[in-house]
Amino acid sequence: MGSFNVAKFGGTSVANFEAMSRCAAIIESNPNTKLVVSSACSGVTNLLVELANGVQDQTHRSEILTKLAEIHNAVLDQLEDSTQAAAEVYTILDTVTSLAEAASIQASRKLTDHLVACGELMSTHLLTQLMRERGIAATRFDIRDVLRTDSNFGKAEPELGSIRQLAEEKLIPLCQESVVITQGFIGSDAEGNTTTLGRGGSDYSAALIAEAVEASGLEIWTDVPGIYTTDPRIAPKASPIPEISFSEASEMANFGAKILHPSTLVPALRHDIPVFVGSSKEPEKGGTWIRHQVESSPLFRALALRCNQTMVTLRSAKMFHAYGFLARVFEILAKHKVSVDLITTSEISVSLTLDQTDTSGGAPQLPEAARIELEELCSVDVEHNLCLVALIGNNMSESKGYAKQVFGTLEDFNLRMICYGASPHNLCFLVHESVSKQAIQKLHTELFEG
Ligand code: ADP
Ligand code: ASP
Ligand code: MG
């Protein structure tokens with residue numbers, strides 16, 4: 001398939017008619033761009049999540065539905081011929097209305113996925129019509145016909161073999177005839193139920209689709225001209241990184257840099273597809289290339305912040321010089337499907353953080369049943385309102401002296417759960433949410449602005 005380029009546009013990139021027109025210009029500028037993956041219009045997924053959580057107050061529910069209609073009507077109003085797109089969007093809005101009512105009676109993860117998928121289903125109707133009105137042969141494709149996942153609603157896992165086969169059958173032939181506009185974030189399970197890949201999942205969708213069609217490139221168009229040394233909203237002096245390796249960028253995404261969904265680079269890395277990140281508002285500014293081989297590998301590359309961390313500390317004197325304690329702890333966690341992210345240990349205690357496992361965006365919870373079982377073994381202490389700060393770089397575990405610089409800069413902060421050494425690419429720790437941005441700002445000034 002070789003010459004295919006896949007372009008993904010995030011929510012702010014398709015926020016309104018002007019933004020969508022900028023996307024269209026970017027698509028037109030590269031004749032190899034055959035597949036376009038779009039997010040929902042900015043703000044739409046948040047409104048849908050609110051409805052999916054169950055809004056009992058009917059007036060409030062109507063207000064949200066009105067907001068949703070307004071966002072899409074604003075684009076429809078500027079199309080030359082909105083008849084067909086309007087009919088499609090209104091049908092989806094009717095579905096949203098009835099699903100929101102159902103969710104107000106009884107919310108469920110399955111219902112949530114059905115509801116939140118409607119954002120992408122609507123935005124792609126608008127973008128397709130807009131492209132056609134610019135004279136481009138564009139076809140809207142429902143990606144649920146290709147992006148097969150398991151039934152883990154809210155954080156579904158893709159089924160790669162089926163995706164590849166379905167892409168070959170249904171998607172690739174279509175791309176030969178026209179530019180295909182499809183949805184990020186959503187998929188379907190074997191029974192045809194709508195699923196989602198988790199918040200921010202459109203990046204991951206785009207990478208999975210790029211892998212399935214053996215794309216030669218993947219472009220992620222967003223609201224910043226590339227990956228920066230840290231989130232520019234936190235540190236205004238953050239600077240764009242022209243080129244970064246897959247491993248460094250993966251670490252950044254995993255450690256919370258919102259610019260990329262954590263799993264995005266997995267398919268790209270598997271198929272060695274170069275990834276470009278740029279701003280659809282300012283494409284002329286260039287962006288970041290993520291590649292296998294890069295020219296420079298600095299000791300410090302970037303800082304990432306991930307909030308809503310849950311830390312669980314388990315203490316037991318029985319752990320001292322005993323074997324099998326940690327095995328038992330992890331057995332209990334595995335039994336209750338609790339996924340562990342970071343871990344540090346001392347003689348009689350072990351601290352761990354929990355992985356995010358759903359769409360909610362809130363702090364992950366330790367299931368009550370797991371807590372009860374763990375308490376038969378040791379004391380269990382759960383803490384919230386923590387953020388994970390990660391310093392990403394190269395050869396960190398083999399370099400001398402920099403720990404002094406990092407920890408010296410943060411001498412006034414209470415650092416928890418310092419993890420260092422397992423990966424040559426990162427050093428990370430927890431801080432209280434109230435001082436997390438300050439910690440990033442101080443470190444950025446010291447390590448990146450010198
Ligand atoms: P999209 O809707 O296009 O997917 P996101 O809001 O998910 O966009 O991601 C883009 C945002 O990621 C930026 O506006 C920025 O605030 C944030 N961000 C976090 N870390 C970084 C970083 N290291 N470099 C650039 N942006 C970052
Ligand atoms: N629309 C979804 C979200 O807001 C997916 C995405 O934009 O990546 O999470
Ligand atoms: Mg995103």
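Values below: every heavy atom of this structure, side chains too, minus hydrogens, waters and symmetry copies. One-based numbering, in listed order, for ligands and for the atoms of each.
Across V224, T222, D231, heavy-atom proximity to atom 20 (N) of ligand 1 is greatest for D231. In this comparison of D223, T288, T229, the heavy atom closest to atom 10 (C) of ligand 1 sits on D223.
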> Are S280 and R22 close enough, and set up right, to give a side chain to side chain donor-acceptor pair (under 3.5 Å), and what steps lead you there?
Replying inline: CA-CA 7 Å; S280 64; R22 285 193 290 267; 5.2 Å; no
>> Could you walk me through whether F429 and F413 satisfy the ring-ring contact (aromatic ring centres under 6.0 Å, His included) test, starting with their C-alpha distance in whole Å, then the side-chain angles of each, then the deciding distance to 0.1 Å, before giving a yes or no?
In response: CA-CA 11 Å; F429 49 82; F413 291 77; 8.7 Å; no
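For atom 6 (O) of ligand 1, the closest non-hydrogen atom of the protein is K258 NZ, 2.8 Å. Summary of contacts: the protein heavy atom closest to atom 27 (C) of ligand 1 is I259 CB, 3.8 Å. At the top of the distance list for atom 4 (O) of ligand 1, counting protein heavy atoms only, stands K8 NZ, 3.1 Å. Here the heavy atom of the protein found nearest to atom 23 (N) of ligand 1 is Y228 O, 3.0 Å. Protein heavy atom at the shortest distance from atom 7 (O) of ligand 2 is S39 OG, 3.0 Å. For atom 2 (O) of ligand 1, the closest heavy atom belonging to the protein is G11 N, 3.2 Å. Here the protein heavy atom with the shortest distance to atom 6 (C) of ligand 2 is S202 OG, 3.3 Å. From the protein, the heavy atom lying nearest to atom 4 (O) of ligand 2 is R199 NH2, 3.0 Å.
With a 4.0 Å heavy-atom cut-off, ligand 1 is reached by no atom of A238. Contact annotation for R199 and ligand 1: no heavy atom of the residue comes within less than 4.0 Å of the ligand.
Near T230, meaning under 4.0 Å from one of its heavy atoms, ligand 1 places the atoms 22 (C), 23 (N). Near I227, with a cut-off below 4.0 Å to any heavy atom, the atoms of ligand 1 are 24 (N). The distance from ligand 1 to the heavy atoms of R233 drops below 4.0 Å at these ligand atoms: 13 (C), 14 (O), 16 (O). Close approach to G226 involves these atoms of ligand 1, each under 4.0 Å from a residue heavy atom: 25 (C). Near E120, with a cut-off below 4.0 Å to any heavy atom, the atoms of ligand 2 are 1 (N), 2 (C), 5 (C).
Not counting sequence neighbours, Q365 has no partner by the side chain to side chain donor-acceptor pair (under 3.5 Å) test.
Under the 3.5 Å distance criterion, the side-chain polar atoms of R132 are matched with a main-chain donor or acceptor of A138. A donor-acceptor pair under 3.5 Å is formed between the side chain of S279 and the backbone N or O of K281. Proximity of a side-chain donor or acceptor of Q441 to a complementary backbone N or O of I234 within less than 3.5 Å is detected. In this structure, the side chain of T124 does not engage the main chain of R140 through any donor-acceptor pair within 3.5 Å. In this structure, the side chain of T194 does not engage the main chain of D113 through any donor-acceptor pair within 3.5 Å. In this structure a side-chain-to-backbone donor-acceptor pair under 3.5 Å is missing from K437 to S434. In terms of modelled atom types and a separation under 3.5 Å, the side chain of R148 and the main chain of E159 share no donor-acceptor contact.
At least one heavy atom of M252 sits less than 4.0 Å from an atom of ligand 1. Within the 4.0 Å heavy-atom shell around ligand 1 one does not find A302. Residue contacts with ligand 2: G201 is included, with a non-hydrogen atom under 4.0 Å away.
The aromatic rings of H261 and Y204 lie parallel to each other, their planes meeting at an angle below 30°, with 60° marking the opposite boundary.
Inter-residue side-chain proximity for F246 and D272 is flagged as met; some heavy-atom pair is nearer than 4.5 Å.
Ligand 1 has no nitrogen or oxygen under 3.5 angstrom from a nitrogen or oxygen of L303. Checking only distances, G200 does come within under 3.5 Å of ligand 2, N or O to N or O.
With respect to T229, the side chain to side chain donor-acceptor pair (under 3.5 Å) criterion is satisfied by exactly one of H444, K237, E449: H444.
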